[in-house]
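Please read the structure below before turning to the comments.
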Amino acid sequence: MAGTGSRRWSGEAEGQRAQQAQPEKGCLAPPWAGIPLQRGLGQRLRQHVNPLQAQYQQPASPPHWERVYRRLGQPFHLDIGSGSGRFLLRLAQEQPDWNFLGVEIRQPLVERANAWRDELGLDNVHFLFANINVSLRHLFAPGDLSRVTIQFPDPWFKKRHHKRRIVQPQLVADLALLLQPRSPVFLQSDVQEIAEEMVARFLEHPQFWDPCQGPIDDNPFGIPTEREWQCLQLGLPIYRYWLERR
């Protein structure tokens with residue numbers, strides 16, 4: 001081995017809203033609700049982070065992979081914009097034969113997620129504070145990645161802020177290099193414009209295609225993010241796509 005806007009909540013707000021939202025009749029609680037995660041942030045968290053600020057332009061150093069993952073030979077799943085980390089923690093529990101890395105631009109969320117990881121005794125998941133658009137090509141070598149998820153990224157609605165969105169052509173080009181052939185990329189958002197823009201940028205690159213030929217109905221991992229679960233309870237639409245690297 002070698003993101004942030006008005007529709008995404010802060011880590012504390014994510015947890016509070018998820019707790020406040022009452023499931024509809026017959027709807028199960030989120031699968032991560034039973035994980036005994038007690039640690040709070042201990043500080044106010046900025047809800048919006050401008051990834052173009054100078055402080056986020058320095059590439060993150062790769063972690064000492066052999067210290068983070070007990071079995072380095074397992075396939076690698078990258079979650080871009082991991083937020084609170086609950087989705088990835090639960091997935092790491094359910095899929096011990098995979099290694100997981102969550103990259104998040106808000107450092108307090110990363111520190112708390114790693115503390116939760118230690119609390120749960122997991123040795124196949126790690127969270128990294130980084131601007132993925134600056135750091136991705138410094139973290140992995142070609143063919144290192146077997147799966148990527150980008151879920152509910154900050155939409156940055158104002159036109160002058162579109163350049164702050166996570167899925168930019170360079171990110172797609174980097175993922176085309178780092179992903180193994182036939183590796184999936186799962187995208188989802190509750191903002192149709194964002195979902196369609198992400199898909200369009202991936203499909204503009206010749207190494208990606210859409211085997212499903214359009215949006216899919218369900219989350220194939222069966223584990224919702226906190227924003228996803230909230231949308232489900234409120235009956236809001238979610239736009240999901242399952243792409244593949246050729």
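This is a predicted model, so every value here is computed, not measured.
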Do other residues, nucleotides or ligands put more than 12 heavy atoms under 6.0 Å from the CD atom of Glu66? yes
Close aromatic pair by centroid cut-off 6.0 Å: [X] and [Y]:
X: Tyr241; Y: Phe202; answer: no
X: Tyr69; Y: Trp98; answer: no
X: Trp229; Y: Phe87; answer: no

Donor-acceptor side-chain pairing of Ser84 and Glu226 below 3.5 angstrom: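 Checked: Ser84/Glu226 side chains pair up, N/O donor to acceptor below 3.5 Å.
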Using a 3.5 Å distance criterion without hydrogens, assess whether the side chain of [X] forms a donor-acceptor pair with backbone atoms of [Y].
X: Arg117; Y: Val125; value: yes
X: Asn114; Y: Phe127; value: yes
X: Arg240; Y: Leu187; value: no

So do Pro220 and Trp242 actually touch side chain to side chain, heavy atoms under 4.5 Å?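 In short, these two side chains touch, coming nearer than 4.5 Å.
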Note, Arg71 side chain near Asp123 side chain (heavy atom, < 4.5 Å):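 Yes, close enough: below the 4.5 Å cut-off.
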Any side-chain hydrogen bond (donor to acceptor under 3.5 Å, both in side chains) involving residues 192-206? Give me the pairs, sequence neighbours left out, ordered by first then second residue. Arg165-Glu193, Arg165-Glu197, Gln168-Arg201, Gln192-Glu196
Can you pull the salt bridge (Lys or Arg N to Asp or Glu O under 4.0 Å) pairs that have at least one residue in residues 92-101, sequence neighbours excluded? Arg90-Glu94
Show your working on side-chain contact (heavy atoms from CB on, under 4.5 Å) between Asn219 and Glu228 and close with a plain yes or no. CA-CA 9 Å; Asn219 180 335; Glu228 181 180 4; 3.0 Å; yes
